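This report refers to the structure that appears directly beneath it.
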Amino acid sequence: MDHGETVLCGSSAYTKKYYLNEEFQSLPQGIKDELKIICVLYTEDIGGTLTLGFDSAGSLQIWAACDEGDLLYDDIGSVLKIKQLQREKQELFESLEMYFKVFFLGEDLSDDDLEG
C-alpha cells in the first residue's frame, strides 16, 4: 500500500492485534470502538488481515489479505463480508471519508456535501 494510501485501522488474525493509526486518535470514542469491532470480528470470522484506509482521493478502502498457504482463510466469505460491511456501515464510512477529506486533505465542505 504505497500509492498514496493512508491507513486508518486494521486487525490481524495471525497476531491477534488491532491497530488504530495514531493520526486518528481525535475521532470520537464511539467511532474508534466501532472500527475496532468491525476489524476484530472480521478477522475472527474470516481470518487473515483486514485494513481500512483512504486512497489519495479520500475514498475509504477495505483491504483484506492472508498469508500464503493459509488454508483456514475464507476467500469467498471475505468478499461477502466486505460487501456486507459496505452496505451496513455505509453511513459510518461516508462520515469517515468526509472527516478525512476535511482534516487530512484540507477540502472545504460544500452545501451539497452537507446535504448528502
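Nothing here was measured: the structure is a model prediction, and the numbers come from that model.
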>> Could you work out, with side chain to side chain contact (heavy atoms under 4.5 Å, CB included) as the rule, every residue matching Ile31, not counting sequence neighbours?
In response: Leu27, Pro28, Leu35, Leu92, Leu96
Of all the heavy-atom pairs spanning [X] and [Y], show the shortest one and how long it is.
| X | Y | result |
| --- | --- | --- |
| Ser11 | Thr43 | OG-OG1, 2.9 Å |
| Leu60 | Glu97 | N-OE2, 2.8 Å |
| Asp67 | Tyr14 | N-OH, 2.8 Å |
| Ala64 | Ile82 | CB-CD1, 3.8 Å |
| Gly58 | Phe100 | CA-CD2, 3.7 Å |
| Leu52 | Cys39 | CD1-SG, 3.9 Å |

>> Is there a side chain to side chain contact (heavy atoms under 4.5 Å, CB included) between Asp74 and Ile46? Walk through the geometry before answering.
In response: CA-CA 5 Å; Asp74 184 356; Ile46 306 298; 4.2 Å; yes
> Of Gln84, Glu91, Gln86, Gln90, which meets side chain to side chain contact (heavy atoms under 4.5 Å, CB included) against Glu88?
Replying inline: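 Among the candidates, only Gln84 passes.
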Say whether [X] and [Y] are linked into one hydrophobic cluster, either directly or through other cluster members, by side-chain heavy-atom distances under 4.5 angstrom.
| X | Y | answer |
| --- | --- | --- |
| Ile38 | Leu80 | no |
| Leu41 | Ile62 | no |
| Val79 | Leu85 | no |

> Distance only, no hydrogens: is a donor on one side chain within 3.5 Å (strictly under) of an acceptor on the other, for Tyr19 and Thr49?
Replying inline: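 No.
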With rounding to the nearest 0.5 Å, note down the distance linking [atom1] in [X] to [atom2] in [Y].
| X | Y | atom1 | atom2 | value |
| --- | --- | --- | --- | --- |
| Trp63 | Glu5 | CH2 | CD | 4.5 Å |
| Thr6 | Phe24 | OG1 | CZ | 6.0 Å |
| Cys9 | Leu50 | SG | CG | 7.5 Å |

> Who passes side-chain hydrogen bond (donor to acceptor under 3.5 Å, both in side chains) against Ser78, sequence neighbours left out?
Replying inline: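 Applying side-chain hydrogen bond (donor to acceptor under 3.5 Å, both in side chains) to Ser78 gives Tyr42, Tyr73.
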> Is there side-chain contact between Lys32 and Gln25, with heavy atoms separated by less than 4.5 Å?
Replying inline: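 Heavy-atom side-chain distance check passes, below 4.5 Å.
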>> Looking only at the aromatic ring of each residue, does the gap between the centers of Phe54 and Tyr99 stay below 6.0 angstrom?
In response: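 Ring centres of Phe54 and Tyr99 not closer than 6.0 Å.
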> Do other residues, nucleotides or ligands put more than 12 heavy atoms under 6.0 Å from Phe103 CZ?
Replying inline: no
> When you look at CD of Gln29, are more than 12 heavy atoms from neighbouring residues, nucleotides or ligands closer to it than 6.0 Å?
Replying inline: yes
